[in-house]
Amino acid sequence: MTQPAPVYSDDQAEAYDRIAEMLRGAGVDLDEGLLTPPNGDKSAVLAVIGKAGSGKTLLLASLFHALEEAGVNVVSGDWEGKPRPDRRTLAILAPTNKAASVLRMRGVPATTIHRILYTPVYDPEYERIADWLTGEGERPQVEGLTDAALDRALAFFQTTRSVPGALAAAGLRGSDFITGWKRREAPLDIGMVDEASMLDARQLDDLKEIFPTLILFGDPAQLPPVKSEGNGGMVFESLPAPARLELHRIHRQAADNPILDLAHALGDPDLGFEDFERLIEDAARRDERVRWAQRVEVDLMARSPVLVWRNATRIRLIHAFRAVHGAPEDALLPGEPLICDGIELPLKHRDKRRDLEARGLIKGAQVVYLGPGKKPGFSRLHVMGAEEPRLSAASIVKIEKPDEEEPFIPFAARMGATFLHAAAVTIHKAQGSQWPDVQVFAPDLYAAARMGRTEAGQPLWKRLAYVAVTRAETRLHWVVRNRLSKPTGPLRVDDLQVAPTELKLEAQA
């Protein structure tokens, strides 16, 4: 169905025209809706950069719809079908599950970079179902699957465009139809990457190997990635000036948003920390979307972490969260939030590492603990933002304690996915994520302002504040005192979205 034409600002229109020109060189004419073979072996990278509210997501979504209408095949990372020389391909990527899920909620079929770098190997019996779902084959007859089950799969796919989700709706587990993962061999055509400020140089090189045409969307005011090289900048800053398309104007949908007003106020070089807090107080008096909070609301911490700068603050808040919920020292309570800190598996288990990462357990993934698994050291987990969120994995959980150098480990497998507690996280780790309500621990930012540190030519406290404030989708809580409320009820898991059937994933030694 044809999408209504968006209304662009001048800089959005200029960026769209520049991107359309680049795509014509790659054999995709958006104006005429024509696809032709690529013109030679040329590669191109463009970056669309702008602060929050400048319309980057609107432009990305518009380009996706235009490419889809032109006949470009969208690759989601779960199924691609048989390669054809006449087919042109597009993948929309984000560095984290949470960032990809934000785009999916807006109708853009985004996936993570890991799901494009590594592709699933399907059991041949179920390839026929995937071909049928994607319009590349006839309706199959599969032993053990009824017509009603196939109808459920088709109905699910028509809504979500997810092959694994559709097969799960038919009553299959992931282990039934995915037999393994492999590094992508065949390149694709066009890649669009959201939250490109989180990319490091190695990830960019990986993407350039796959996509001869690459479009990055990023926010230059965010914090650079930890692994950034040289001056600590972002990958799009190394592109030549003509390849950087900057959106200056705040788009009309963001015009009446006090949270974005505060974020953009930080661009004033004369604004001090006390001035910024006065702006927050004024906004809180006028608009309920901004709160001047005297304490941390513990109920919010189970689903959206308190954002802090200092590790010591993070650890104290986590300890207070567990204490107020009566969590035992030797176990986790169902409903406790975790964050993946990496995968500890030896080289001989690299296939299992790919499996874990492809299903969402990448470094920085936000997870909710559901309970112990069937085997010692295993945990049942809900990966926030993943398309199939439920899984079971060998886990190493580390809970840091105030004034103690070594973390407390309530239980652990010999190897597997490692986790830290996530009732509070650093602002740096929060990049790429958004939550309806966000609590920012203001005393930490005051400490950063007092230190007078700068990063990439900007006061560090301003970059921290900008990232923290723009994580809030609906309401910003600016917490000014080191106090914690009492919970209104026990931790829960019944509010989590459940996939049609739980995928079983076990990282065995």
Going by the rule salt bridge (charged side-chain N to carboxylate O under 4.0 Å, His left out), which residues pair with [X] if we only count those two or more places apart in sequence or in a different chain?
X      : answer
Arg322 : Glu336
Arg310 : Asp444
Arg285 : Asp282
Arg314 : Glu400

What residues, two or more places apart in sequence or in another chain, satisfy side chain to side chain donor-acceptor pair (under 3.5 Å) together with [X]?
X      : value
Lys363 : Asp341
Arg278 : Asp275
Asp31  : Arg24

Not counting sequence neighbours, list each pair that qualifies as a side chain to side chain donor-acceptor pair (under 3.5 Å) and has a residue in residues 462-472.
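Residue pairs with at least one partner in residues 462-472: Asp219-Tyr466.
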
With sequence neighbours left out, the residues meeting ring pair (Phe, Tyr, Trp, His ring centres under 6.0 Å) with Phe64 are none

My understanding is that only residues two or more places apart in sequence, or in another chain, count here; which of them pass ring pair (Phe, Tyr, Trp, His ring centres under 6.0 Å) with His421?
Phe321

Hits for side chain to side chain contact (heavy atoms under 4.5 Å, CB included) against Pro187, two or more places apart or cross-chain, chain-then-number order -> none

Under the rule for side chain to side chain contact (heavy atoms under 4.5 Å, CB included), what residues qualify as partners of Asp17, not counting sequence neighbours?
none

